[in-house]
Amino acid sequence: CETCSKEEAKYRCPRCMKYSCSLLCVKKHKLALSCNGVRDKTVFVAVNEFTDLNLLSDYRFLEDVGRTADAAARHCIVHSPATKRLLYFLRNKARGCNIELKTLPVGFTKRRENSTTFNSMENKFYWHLKLIFPHCHAEYTLKGVPDDKTLADILKPYIDPVESDPVVCQRLKIYTASPQSDVRILMKIENRSRNSVRYNELDASRSLLDNLKGKVIIEYPTLFVVLKTLKNDMVVLGQ
């Protein structure tokens, strides 16, 4: 068992492939790794490991996607003039800031949860933002983040040894214990093939808007906060 290291393992998690010996250890591993226990249907499989079972799984997944897309296309909100005007307005304002903002159909999760707005009076975006801390398997969602706020200020409540929340600080202990110079902020580059994933490294001292300029954003930005010594397979563009 990879949780208690005492008993013989009886179960294997379909999501993260961790071995567990009992229901208690299964629950502990889900809590510790923020794992939902649901098999990832889109996980990468090497060609030499690809079987008929994987092919069947992919076929069923594509059927599910087709049904979801069809249901989303029939949704009344999709055809609402107000919705279309709002999305056009956001994309147009983003284009004016040299940001290519793309939106998804209504049926997709990122479309439903996106709360990004643009304040015309202040001429400022208030972004829906997701922070992912992969070394601690932690995710946090922020709403209404002003585009003139620096990334360093955005991260203070999470990894600053003094200003961060005690509960969050304990969960992100590996980050707060590391020198701030080791922290790197990465954002995945969109529109690349799955086996050629690359990331842009962002500047923590600059504003969110400055960091998003010249980039493609699908619904809202997702930032990966990693440590220089542990980022492993996360390849920055140009390396």
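Nothing fancy with the numbering, it's 1 onward along the sequence.
- When the shell of 6.0 Å around CD of E7 is examined, it contains 12 or fewer heavy atoms from other residues, nucleotides or ligands.
- The backbone N or O of E2 lies less than 3.5 Å from no partner atom in the side chain of S5, so there is not a single donor-acceptor pair.
- Contact annotation: the side chain of V226 approaches that of P134 to within less than 4.5 Å [non-hydrogen atoms, C-beta and beyond].
- At least one side-chain heavy atom of V197 sits less than 4.5 Å from a side-chain heavy atom of K188.
- A distance-only check finds a donor-acceptor pair linking the side chain of R184 to the backbone of S181 [under 3.5 Å].
- Side-chain rings of Y126 and F118 stay apart, their centers remaining 6.0 Å or farther from each other.
- R192 contributes a side-chain N or O that, together with a main-chain N or O of S196, makes up a donor-acceptor pair within less than 3.5 Å.
- Expressed to the nearest 0.5 Å, how far CG of L172 lies from CG of D160 amounts to 12.0 Å.
- At a threshold of 4.5 Å between non-hydrogen side-chain atoms, the residues R111 and L87 count as touching.
- Of all heavy-atom pairs between P221 and L212, the closest is CG-CD1, 3.8 Å.
- Proximity of K18 to L33: side-chain heavy atoms (C-beta onward) are separated by under 4.5 Å at one or more points.
- Separating the CE atom in M17 from the CG atom in D40 is a distance of 9.5 Å, to the nearest 0.5 Å.
- At a threshold of 4.5 Å between side-chain heavy atoms, the hydrophobic network of Ile, Leu, Val, Met, Phe, Trp and Tyr places Y220 and F89 in two separate groups.
- Few gaps surround NZ on K110; more than 12 heavy atoms of other groups in view lie less than 6.0 Å from it.
- In summary, K41 and D64 engage in a salt bridge, as defined by a charged side-chain N under 4.0 Å from a carboxylate O.
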#### Entry: Verdict with reasoning, E100 to R95, per salt bridge (charged side-chain N to carboxylate O under 4.0 Å, His left out)
CA-CA 6 Å; E100 187 177 347; R95 195 177 301 115; over 6 Å; no
### Task
Evaluate side chain to side chain contact (heavy atoms under 4.5 Å, CB included) for S20 paired with C13, printing each intermediate quantity in order.
CA-CA 8 Å; S20 302; C13 178; over 6 Å; no
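- Judged by distance alone, the side chain of D182 and the main-chain N or O of L227 form no donor-acceptor pair under 3.5 Å.
- For residues 4-52, there are no ring-ring contact (aromatic ring centres under 6.0 Å, His included) pairs, not counting sequence neighbours.
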Validation: residues 138-151 side-chain donor-acceptor distances under 3.5 Å, sequence neighbours left out:
{"unit_1": "D147", "atom_1": "OD2", "unit_2": "F125", "atom_2": "N", "d": "2.9"}
{"unit_1": "D148", "atom_1": "OD2", "unit_2": "K124", "atom_2": "NZ", "d": "3.3"}
{"unit_1": "T150", "atom_1": "OG1", "unit_2": "D153", "atom_2": "N", "d": "3.2"}
{"unit_1": "T150", "atom_1": "OG1", "unit_2": "D153", "atom_2": "OD2", "d": "3.1"}

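- Under 4.0 Å is where a charged nitrogen must lie from a carboxylate oxygen, and between E219 and K102 no such pair does.
- Using cut-offs of 30° and 60° on the angle between ring planes, the pair Y175 and F133 is perpendicular.
- Rounding to the nearest 0.5 Å places CD1 of I185 at 13.0 Å from CZ of F224.
- Counting only heavy atoms from C-beta outward, the side chains of E113 and K130 approach each other to under 4.5 Å.
- No more than 12 heavy atoms of other residues, nucleotides or ligands lie within 6.0 Å of CD in E8, so this atom counts as exposed by the packing criterion.
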### Message
Using the rule given for side chain to side chain contact (heavy atoms under 4.5 Å, CB included), can you reason through Y199 versus I189, listing the C-alpha separation, both sets of side-chain angles and the distance that settles it, and then say yes or no?
### Response
CA-CA 5 Å; Y199 296 84; I189 300 173; 5.6 Å; no
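- Within 6.0 Å of the OH atom in Y88, the count of heavy atoms belonging to other residues, nucleotides or ligands does not exceed 12.
- The shortest side-chain heavy-atom distance between L186 and L202 does not fall under the 4.5 Å cut-off.
- Hydrophobic cluster membership is shared by L131 and I217, with clusters built from Ile, Leu, Val, Met, Phe, Trp and Tyr side chains linked at under 4.5 angstrom.
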### Message
Apply side chain to side chain contact (heavy atoms under 4.5 Å, CB included) to residues V216 and I99 and explain how you reach the verdict.
### Response
CA-CA 6 Å; V216 177; I99 299 171; over 6 Å; no
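- Side-chain contact annotation: S34 with R171, donor-acceptor N/O pair under 3.5 Å present.
- For the pair K28/C1, no side-chain contact is recorded, criterion being any heavy-atom separation below 4.5 Å from C-beta on.
- V168 has its side chain out of reach of P157: every pair of non-hydrogen atoms, C-beta onward, lies at least 4.5 Å apart.
- Summarising the geometry, atom CD belonging to E190 is positioned 8.0 Å from atom CE belonging to M187; distances are rounded to the nearest 0.5 Å.
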### Message
Pair N54, S57 - check side-chain hydrogen bond (donor to acceptor under 3.5 Å, both in side chains), show working.
### Response
CA-CA 5 Å; N54 297 119; S57 175; over 6 Å; no
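- In the displayed structure, R67 atom CZ is contacted under 6.0 Å by more than 12 heavy atoms of other residues, nucleotides or ligands.
- Taken to the nearest 0.5 Å, the CG atom of N119 stands 10.5 Å off from the NZ atom of K93.
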### Task
Would you sort out whether T222 and I132 count as a side chain to side chain contact (heavy atoms under 4.5 Å, CB included), showing the intermediate values?
CA-CA 7 Å; T222 299; I132 298 179; 3.6 Å; yes
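- Looking at K213, its side chain never comes within 3.5 Å of a backbone N or O of L209 through a donor-acceptor pair.
- From L223, atom CG reaches atom CG of N200 across 11.5 Å, with rounding to the nearest 0.5 Å.
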